[in-house]
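Before any comments, here is the structure.
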Amino acid sequence: MRGVAGVDGWDCWDGEAVRAVVRVCEGATPAEAFDTASADAWLAFDAGVRCMDDRPWLTHDDRPWLSHAPAGAPGRPGRSAPTLLDRLRGRRGSPLASPVPPPPPAVALCHPDGRVREAALEAVRSAPELRPLLVVRCADWATPVRERARTLLAELPGDALFPLAELVLRLARRERGGFARALLEAALREGPAAGVLALTACPDRATYRLAYRIAVERGLLTPMELAALAATSGDVTLQDLCADAAVAVRAEGGGPAPDPAVLDRLLTARSPRVRSAGVTALRRAGRCRDAEPYLADRSALVRACARYVLRQGGDDPLPRYRAWCAEAAERPAAAAGLGECGDRVVDAARLWALLEHPSPAVRLHAVTGLRALDAVVRERLTPLLDDPSPAVVRAATRALLPDAAGIPEPLLRERTAPDRPRAVRVAAERLLRAAGRHRWPGPGRP
């Protein structure tokens, strides 16, 4: 079931949620009516029940599947058979009609009347499958309902909250949703390690992030496991958490240096954030000189960390950058590093010369270095708008944007022609917009 704007952010008019409510009212279990493993489905079901008052068409007599009476049963003049809405409210049809059975516990737990919701909470004691709705009611707007639900939730064993973690964290975004989250976090810190590690495999991002955070706090993962996770995860929050934990050492004066194998795993990661953590940890491991290769890393963050580590070890990275730029093809990013720590007067000439280098990577990093040195000259950089490398064109465009107004407009207009490469056309349009010369298409023009 989908969930969009509606009650507490959930769509009351979701047809799938309505069908689930109807099926439960007709005798189906929640598991038969919707995906009970989905936090979104429980929230949509809750909103669907409470929105029945907003659905006047539910009382239409031409919908026999909404009626408590059997199909084809005769009705009494002037009064229709009890509808689903009547059943939710506990009403009868005619004065002589048979009593309307109470709504099922799952529906009663979501009833618009707070007294009905509060009374239905006791049903959860004997129906563990309804615990998700107990969690929902812990964030209820009615104080008696909320307090009773919290009392019942607190009575559950801690590991009983593990299967509800995704729903708990989803509800924690609500104004009154912090209670269940606090219980869950306490259970994760004190509960069985296997349960915590199982939640790290949950596809829900908030859930696995919390599980990993608790696992790190409890020391449930080895440094090598943390390093491998940091190196392979696509979640930057998880990368930072695990990389920092993998190289963590005790306070000054105690504890061993980071494991060399752990550092090597971090240093070979694709993520710049993870590599930078590994490079920074080289200082604590007493391996400052091992940071030298990372002075020419493709990432500015890693280069900055490498310079810091070398300086902490008493080395100056600037002479290395100057020497490497003489053989830039071997270390293209050395040009960017030179711009990040070089001298504008002394080193700008080296970078301008590299704009003629046959390697696109060298030209790209030379432009980056000139920007870092604040040595961009518009007339000398404008020819790179026609560079055969799209990456170089984009880098030149970024460097020229602050001075776009000084570029002749005909030069840019010419480069917006359809026969020009796409990268050139996009660059010219960006510069025209930055200069305030962009022509917005008129009516009927693409």
Side-chain angles (χ1 to χ4, degrees), residues 267 272-273 275-280 282-283 287-408 411 423 427 430-431 434-435:
L267 291 170
R273 304 172 73 95
R275 290 200 307 279
S276 66
V279 170
T280 304
L282 288 172
R283 181 183 66 86
R287 298 168 51 187
C288 291
R289 294 188 66 86
D290 290 346
E292 180 178 328
Y294 299 94
L295 289 173
D297 192 273
R298 60 184 180 274
S299 164
L301 174 62
V302 178
R303 294 194 298 268
C305 292
R307 290 194 295 270
Y308 163 77
V309 171
L310 279 177
R311 287 168 180 153
Q312 292 297 304
D315 288 340
D316 184 3
L318 185 55
R320 289 178 175 83
Y321 278 130
R322 288 170 175 167
W324 289 347
C325 282
E327 300 176 354
E330 298 180 7
R331 299 179 179 89
L338 178 61
E340 291 160 354
C341 69
D343 181 87
R344 182 179 181 184
V345 176
V346 175
D347 297 310
R350 289 185 173 90
L351 297 178
W352 282 114
L354 292 178
L355 293 182
E356 304 294 332
H357 199 281
S359 169
V362 174
R363 298 197 301 274
L364 166 65
H365 288 293
V367 174
T368 302
L370 287 169
R371 287 184 65 202
L373 277 180
D374 194 20
V376 173
V377 178
R378 183 185 66 247
E379 293 80 4
R380 298 182 66 180
L381 205 59
T382 301
L384 287 183
L385 294 177
D386 295 320
D387 195 277
S389 168
V392 176
V393 174
R394 289 192 293 268
T397 303
R398 289 191 294 269
L400 290 169
L401 281 173
D403 200 15
I407 303 175
L411 183 149
R430 287 187 66 188
L431 292 168

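Quick caveat: nothing in here was measured; it's all calculated off a predicted structure.
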Heavy-atom check, side chain of [X] versus side chain of [Y], under 4.5 Å:
{"X": "Val393", "Y": "Asp386", "value": "no"}
{"X": "Arg322", "Y": "Val346", "value": "yes"}
{"X": "Asp290", "Y": "Leu267", "value": "no"}
{"X": "Arg320", "Y": "Asp315", "value": "yes"}
{"X": "Leu381", "Y": "Leu355", "value": "yes"}
{"X": "Arg275", "Y": "Arg298", "value": "yes"}

To the nearest 0.5 angstrom, please state how far the [atom1] atom of [X] sits from the [atom2] atom of [Y].
{"X": "Leu338", "Y": "His365", "atom1": "CG", "atom2": "NE2", "result": "13.0 Å"}
{"X": "Asp347", "Y": "Leu370", "atom1": "CG", "atom2": "CG", "result": "10.5 Å"}
{"X": "Arg350", "Y": "Asp343", "atom1": "CZ", "atom2": "CG", "result": "10.0 Å"}

Quick check against the 3.5 Å criterion: does [X] have a side-chain atom that pairs as donor or acceptor with the backbone of [Y]?
{"X": "Arg344", "Y": "Asp374", "value": "yes"}
{"X": "Arg378", "Y": "Gly406", "value": "yes"}
{"X": "Thr280", "Y": "Ala277", "value": "no"}
{"X": "Arg283", "Y": "Cys288", "value": "no"}

Closest heavy-atom pair and its distance - [X], [Y]:
{"X": "Leu354", "Y": "Cys325", "answer": "CD2-O, 3.8 Å"}
{"X": "Ala399", "Y": "Val367", "answer": "CB-CG1, 4.1 Å"}
{"X": "Arg363", "Y": "Pro358", "answer": "NH1-O, 3.2 Å"}
{"X": "Ala333", "Y": "Ala296", "answer": "CB-O, 3.2 Å"}

Stepwise side-chain contact (heavy atoms from CB on, under 4.5 Å) test for Trp324 and Leu295: CA-CA 10 Å; Trp324 289 347; Leu295 289 173; 3.6 Å; yes
Heavy atoms of other groups near Arg289 CZ, more than 12 under 6.0 Å: no
Identified side chain to side chain contact (heavy atoms under 4.5 Å, CB included) partner of Cys305 from the options Leu282, Val279, Asp297: Val279
side-chain contact (heavy atoms from CB on, under 4.5 Å) between Leu400 and Leu384, intermediate numbers included: CA-CA 10 Å; Leu400 290 169; Leu384 287 183; over 6 Å; no
Short side-chain donor-acceptor distance under 3.5 Å, Tyr321 and Arg303: no
